[in-house]
Novice: 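Below is the structure I would like to discuss, written out as structure tokens.
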Amino acid sequence: MRASRVQDAAVRRRVFAGGLFAAGLVAVAAAAIALGGSARSGDATVAARSARIDPHVAAGAHDFVQFACSACHGDQGRGGISSFVPALKPIGKSLTVRALTRIIKNGLGESKNPKRPYMPVWGPVISKQQIADLVSYIRAGVPKVQYATAVPIPRNQGAAVAGAQAYVHYGCINCHGPNGLGGVPNPQSPDKTIPPLSGQDFRKEFNTDAKILDVIRSGSVIGKQPIASMPHWGGIIPAWQLKALVAYLKTLK
């Protein structure tokens, strides 16, 4: 009897151990399947994220934001900013490379009305490669490109902060330099550079808020190719952001 009970116990232990082993195999297999599925899902995500976009189209998308094309033509060229500024998304493909290149370089539709924006002369500021990339982007249909987004302008951090962000958002920094220091070449202009927005000369000439606001709103109509021109921002930038830009400029050296 005792031997029989010992044998039965041994059998039960082997069966129990076998069950645990089988259960373990099932668990391992299930985990492997789950991990495999997760890995495949992860691979797909990585593949989707790393899917390459044409480098020239991508560069053009970032230039579109950097040079404030989106500020006038709308996000992804959808328009809706001003009735005087066309949407690029529906018409970009219909314009030839040559036509787009000429418009970006030489400007278009010059106007003395400060509330009627026009395409400024970009030739002295934007390189041939950047123009070519912008053309590629526009002719590609102005697609959404990751990270090619305009700098937001906060309303709750004070006028000077809003103005500093607006200075980048509207591309002022491209022509007037960081911190308004100037130095950007404009070879055919009288002083050979785009004027700075800081320093004693600027403060002496624009010694009131009204004078600064007026020059931002009205821009410059002397900029005919090959002289860079400042666009009329009066029909683009909201009044509170114009005042914020003035507040920012007054913080500069």
Novice: Determine the minimum heavy-atom distance between Gln165 and Pro152, stating which atoms define it.
Specialist: CB-O, 3.5 Å
Novice: Answer yes or no: is there a side-chain heavy-atom contact under 4.5 Å between Phe84 and Lys115?
Specialist: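 Phe84 vs Lys115: side chains apart.
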Novice: Shared ILVMFWY cluster between Ile173 and Ile212, side chains joined below 4.5 angstrom?
Specialist: yes
Novice: Quick one: CH2 on Trp122 to OG on Ser127, what's the gap to the nearest 0.5 Å?
Specialist: 12.0 Å
Novice: Do you reckon Leu100 sits in the same ILVMFWY cluster as Val125, going by side-chain contacts under 4.5 Å, direct or chained?
Specialist: yes
Novice: Applying side chain to side chain contact (heavy atoms under 4.5 Å, CB included) to Val65 and Thr149, what does each step give before you reach the verdict?
Specialist: CA-CA 6 Å; Val65 171; Thr149 54; 5.8 Å; no
Novice: List in chain and number order the residues that pass side-chain contact (heavy atoms from CB on, under 4.5 Å) with Asn186, two or more places apart in sequence or in another chain; answer none if no residue qualifies.
Specialist: Pro124, Ser189, Ile194, Ile227, Ala228
Novice: Out of curiosity, Cys72 SG to Tyr170 OH, how far, rounded to the nearest 0.5 Å?
Specialist: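 Nearest 0.5 Å value for the SG-OH distance: 9.0 Å.
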Novice: How far apart are the closest heavy atoms of Ile236 and Ala71, and which atoms are they?
Specialist: CG2-O, 3.5 Å
Novice: Please set out all donor-acceptor pairs under 3.5 angstrom arising from side-chain atoms of residues 202-209, sequence neighbours excluded.
Specialist:
residue	atom	partner	partner atom	Å
Arg203	NH2	Leu252	O	2.2
Asn207	OD1	Lys211	NZ	3.0
Thr208	OG1	Lys211	N	3.2
Asp209	OD1	Lys250	NZ	3.1

Novice: Measure the spacing between NE2 of His56 and CG of Asp133 and express it to the nearest 0.5 Å.
Specialist: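 Result: 6.0 Å between the selected atoms.
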Novice: Can you pull the side-chain hydrogen bond (donor to acceptor under 3.5 Å, both in side chains) pairs that have at least one residue in residues 57-66, sequence neighbours excluded?
Specialist: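 Listed once each, the pairs are Gln66-Asn174.
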Novice: State, yes or no, whether a side-chain contact exists between Tyr118 and His232 at a heavy-atom distance under 4.5 Å.
Specialist: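 A side-chain contact exists here, since the closest heavy-atom pair is under 4.5 Å.
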Novice: In the structure I gave you, are the side-chain heavy atoms of Pro143 and Val57 within less than 4.5 Å of one another anywhere?
Specialist: yes
Novice: Run the side chain to side chain contact (heavy atoms under 4.5 Å, CB included) test on Gln200 and Lys253 for me, step by step, so that the C-alpha distance in whole Å, both residues' side-chain angles and the decisive distance to 0.1 Å come before the verdict.
Specialist: CA-CA 8 Å; Gln200 292 304 311; Lys253 294 182 70 174; over 6 Å; no
Novice: Within this structure, what is the CD1-CD1 distance for the pair Ile138 and Ile103, rounded to the nearest 0.5 Å?
Specialist: 8.5 Å
Novice: Are more than 12 heavy atoms, taken from residues, nucleotides or ligands other than Lys89, located less than 6.0 Å from that residue's NZ atom?
Specialist: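 More than 12 within 6.0 Å, yes.
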Novice: Does some side-chain heavy atom of Pro117 sit less than 4.5 Å from a side-chain heavy atom of Pro231?
Specialist: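 Pro231 vs Pro117: side chains apart.
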Novice: Identify all side-chain donor-acceptor contacts of residues 90-98 below 3.5 Å with residues at least two apart in sequence or on another chain.
Specialist:
residue	atom	partner	partner atom	Å
Ser94	OG	Ile91	O	2.5
Thr96	OG1	Ala99	N	3.0

Novice: Which value, rounded to the nearest 0.5 Å, describes the distance between Asn106 atom CG and Met119 atom CE?
Specialist: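 Asn106 CG to Met119 CE: 10.0 Å, rounded to 0.5 Å.
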Novice: Testing the basics here: between Gly180 and Ser198, what is the closest heavy-atom pair and its distance to 0.1 Å?
Specialist: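 Smallest interatomic distance, heavy atoms only, reads O-OG, 3.0 Å.
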Novice: Heavy atoms only: give me the nearest Gly163-Tyr248 pair and the separation to one decimal.
Specialist: C-CB, 3.6 Å
Novice: Check whether any side-chain heavy atom of Gln188 sits under 4.5 Å from a side-chain heavy atom of Pro226, and report yes or no.
Specialist: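 Heavy-atom side-chain distance check passes, below 4.5 Å.
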Novice: Can you measure from CD1 (Ile237) to CD1 (Ile81) and round to the nearest 0.5 angstrom?
Specialist: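 Going from the CD1 atom of Ile237 to the CD1 atom of Ile81 covers 11.5 Å.
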Novice: When you group the ILVMFWY residues by side-chain heavy-atom contacts below 4.5 Å and let the links chain together, are Met230 and Ile126 in the same group?
Specialist: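 Each belongs to a different hydrophobic cluster.
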Novice: Name all pairs fulfilling the ring-ring contact (aromatic ring centres under 6.0 Å, His included) condition that reach into residues 124-144, sequence neighbours left out, sorted by first residue then second.
Specialist: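 For residues 124-144, and leaving out neighbouring residues, the ring-ring contact (aromatic ring centres under 6.0 Å, His included) pairs sorted by first residue read Phe64-Tyr137.
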Novice: What salt bridge (Lys or Arg N to Asp or Glu O under 4.0 Å) pairs are there with at least one residue in residues 150-177, not counting sequence neighbours?
Specialist: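 Sorted result for residues 150-177: empty, none.
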Novice: Looking at every heavy atom in both Val161 and Pro154, which two are closest together, and how far apart are they?
Specialist: CG1-CG, 4.0 Å
Novice: Which heavy atom of Ile153 sits nearest to which heavy atom of Trp240, and what is that distance?
Specialist: CG2-CH2, 3.8 Å
Novice: Test salt bridge (charged side-chain N to carboxylate O under 4.0 Å, His left out) on Arg217 and Asp214 and set out the steps.
Specialist: CA-CA 5 Å; Arg217 286 195 188 102; Asp214 185 61; 5.6 Å; no
Novice: If Ile, Leu, Val, Met, Phe, Trp and Tyr residues are connected whenever their side-chain heavy atoms lie under 4.5 Å apart, and connections chain through other members, are Leu88 and Val85 in the same group?
Specialist: no
Novice: Leu181 versus Pro196: any side-chain heavy-atom pair under 4.5 Å?
Specialist: no
Novice: Do Leu134 and Val121 share a hydrophobic cluster (ILVMFWY, side-chain heavy atoms under 4.5 Å, transitive)?
Specialist: no
Novice: Check the surroundings of atom CG in Asp54: do more than 12 heavy atoms from other residues, nucleotides or ligands lie under 6.0 Å from it?
Specialist: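 Yes, because the 6.0 Å sphere around CG of Asp54 holds more than 12 heavy atoms from other groups.
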